[in-house]
Trainee: 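Have a look at this one before I ask anything.
In listed order, ligands and their atoms are each counted from 1.
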Amino acid sequence: MSAQHEVGRRRTFAIISHPDAGKTTLTEKLLLYGGVIQLAGAVKAKRGRASAVSDWMEMERERGISITTSVLAFPYHGLKLNLLDTPGHADFSEDTYRTLHAVDGAVMLLDCAKGVESQTRKLFRVCRQRSIPIFTFVNKLDRPGRDAFELVGEVESVLGIGVYPITWPIFRSGTFRGVYHRLRKRVYLFDKEHANSSSGSGAERPPVEVTGIDDPLLREALDDRGYDQLRHDADLLDAAGDGFHREKFLAGELSPMFFGSAVNNFGLEAFLETFCELMPPPGPRESDQGPIDPAGSEFSGFVFKIQANMDKAHRDRVAFVRICSGKLVKGMKVHHVRSGRDLRLANPTQFLARDRSTVEESYAGDVVGLHDTGTFEIGDTLTGGSSFAFEGIPSFAPEHFRRLALVDPMRRKQFSTGIEQLAQEGTVQLYRPPAGRGGDLVLGALGQLQFEVVKYRLEAEYGVEVRVEAVPWQLARWASRVDGAPLAPEELAGAVEGQVVLDVRDRLVVLFDREWALRTAEKFHPELLFAETASGVVVRAA
Ligand code: G4P
């Protein structure tokens, strides 16, 4: 098969949601529909353990390196869907954001009773920065929830994106009974009896084709009240919106919305079919030498995540690479742009559903795992020989802060090496006082679990015991001058009520103990910029 054909059938995406909205359930159903798993409940097997910390360590030990859940690749109607996992719950971390830099689109999953929740909002913002297409799936329609119009309004106003409902819920005697597909003019009715059949699409009867909302067939399929309601809603929708604009969707400005119930297999077929139709294959990706064509012949990709092994016996790591062009073949030689060195990919790993196996060949849109002994950093570019670099992955302001206290002062050197390496790897952010100023090393992370990871790894890999202690900081912002002129740490310290520190790349950061202190600094110093993200620095060999 030609590379063009292979790239054209790949769809690489992530599901973004707040914990409990149904991401695990939806993932599982997608695998069921893809024919990859036969039994509901398979994905959920890992749930229900006592705590996320022990869960994570146990899993790491069991599996060596737990990579299988990082990407699920599965076939669907001739396409190859690559679903990248965005860790949530306690393991929410920068990796969650970084993963969104490796996808070409996202499905935003909402609980119909809760609407847009905090974690969804954060993840959405990252997608928005990249202008990638975003689908919205409103879940749990089988339960009492908010009015569908209200949910459309909330997504539009809270997230600032246009919404086009492609399916619309149909109720019968107040119970969710189906969806009307506005573009296809089809009705999908659900059969509660088969709702929990494990064969995937068992809950849905074959869709009824109708010519439009006035079709007598549609009237027949519904009771009077349900029909009147749907008609009324459809008229309102038609009057309110101006059609579905594919270009706006592709630019990330308009989100097609779907309704359903993942656990009951309701509305999934209508969603999946349309998803496959609309979701774009990998497109060109920006580099410092212009856009790189995914169907181009030269291999290229970038590292978006590095996962360390928790098992002392295996201190290796896995670097996850998103392929952006060309073909990756086992044993091939690639150019590591940052170091200027060439490497042989002896054992690239790919993921098919829940298993991993050695890659024979992979194309743009795929994700492969590379065995790493410390060569790779987040954002590194690999090519077939050229020296271009993809745009770096930005750093994101952490939301939790801690200080590490060394238990045995004699281990200071190992401590410094260890913590520096973990920060370089992107496990946590590390802040140190500028030269000549006293102060503690402060760690920052997006999720609290990261501190446990650091403590565990310092002990396991560097033989350093530490205590994790609280600090007053609540917010971190990268500081710079609006006009781009240099900014000295002393000057900044005089201007803000917060602690001035440097990150691992020597960028100036201010730690604030309250939102108010940040707002005050912004108000009184319009000449300064306090940024929530810092652009990824693309470093190349001289
Ligand atoms: P998450 O990965 O986003 O955190 O969510 P997950 O799929 O684990 O779902 C969270 C809870 O919501 C689960 O219930 C799940 O069964 C339920 N759920 C998912 N989709 C639907 C739906 O369409 N309708 C209804 N009513 N519930 C749904 P749980 O009680 O926490 O777990 P479990 O005992 O069911 O496994």
Trainee: Below 3.5 Å, N or O to N or O, backbone or side chain included: is there any such pair between P19 and ligand 1?
Mentor: no
Trainee: Are D104 and R322 ion-paired here, with the side-chain N under 4.0 Å from a carboxylate O?
Mentor: yes
Trainee: Is it the case that ligand 1 has an N or O less than 3.5 angstrom from some N or O of G22?
Mentor: yes
Trainee: Between E399 and K122, does any side-chain N to carboxylate O distance fall below 4.0 Å?
Mentor: yes
Trainee: Under a 4.0 angstrom heavy-atom cut-off, which atoms of ligand 1 come close to S261?
Mentor: 22 (C), 23 (O), 24 (N)
Trainee: Within a distance under 4.0 Å of any heavy atom of D20, pick out the atoms of ligand 1 and give their elements.
Mentor: 1 (P), 3 (O), 4 (O), 5 (O), 10 (C), 12 (O)
Trainee: Tell me which one of E469, Q450, Q448 satisfies side-chain hydrogen bond (donor to acceptor under 3.5 Å, both in side chains) with R402.
Mentor: Q448
Trainee: Does the distance from a Lys or Arg side-chain N to an Asp or Glu carboxylate O, for E273 and R186, drop under 4.0 Å?
Mentor: yes
Trainee: Of all the atoms in ligand 1, which lie at a distance below 4.0 Å from a heavy atom belonging to K23?
Mentor: 1 (P), 2 (O), 3 (O), 5 (O), 7 (O)
Trainee: Considering the heavy atoms of A262, write down every atom of ligand 1 situated less than 4.0 Å from one of them.
Mentor: 23 (O)
Trainee: Counting only heavy atoms, tell me which of K140, Q119, E28 gets closest to atom 27 (N) of ligand 1.
Mentor: K140
Trainee: For ligand 1, indicate whether the residue L109 contacts it via side chain, backbone, both or neither (heavy-atom separation under 4.0 Å).
Mentor: neither
Trainee: For R143, take its heavy atoms, then give the atoms of ligand 1 lying under 4.0 Å from any of them.
Mentor: 26 (N)
Trainee: Check whether any side-chain N or O of R130 sits under 3.5 Å from a backbone N or O of L100 as a donor-acceptor pair, and report yes or no.
Mentor: yes
Trainee: Run the numbers for me: atoms of ligand 1, each under 4.0 Å from some heavy atom of T24, listed by number.
Mentor: 1 (P), 2 (O), 7 (O), 8 (O)
Trainee: With sequence neighbours excluded, give me every side chain to side chain donor-acceptor pair (under 3.5 Å) pair touching residues 8-17.
Mentor: E6-R9, E6-R10, R10-D366, T12-N82
Trainee: Under a 4.0 Å threshold between the charged nitrogen and the carboxylate oxygen, would D238 count as salt-bridged to R182?
Mentor: yes
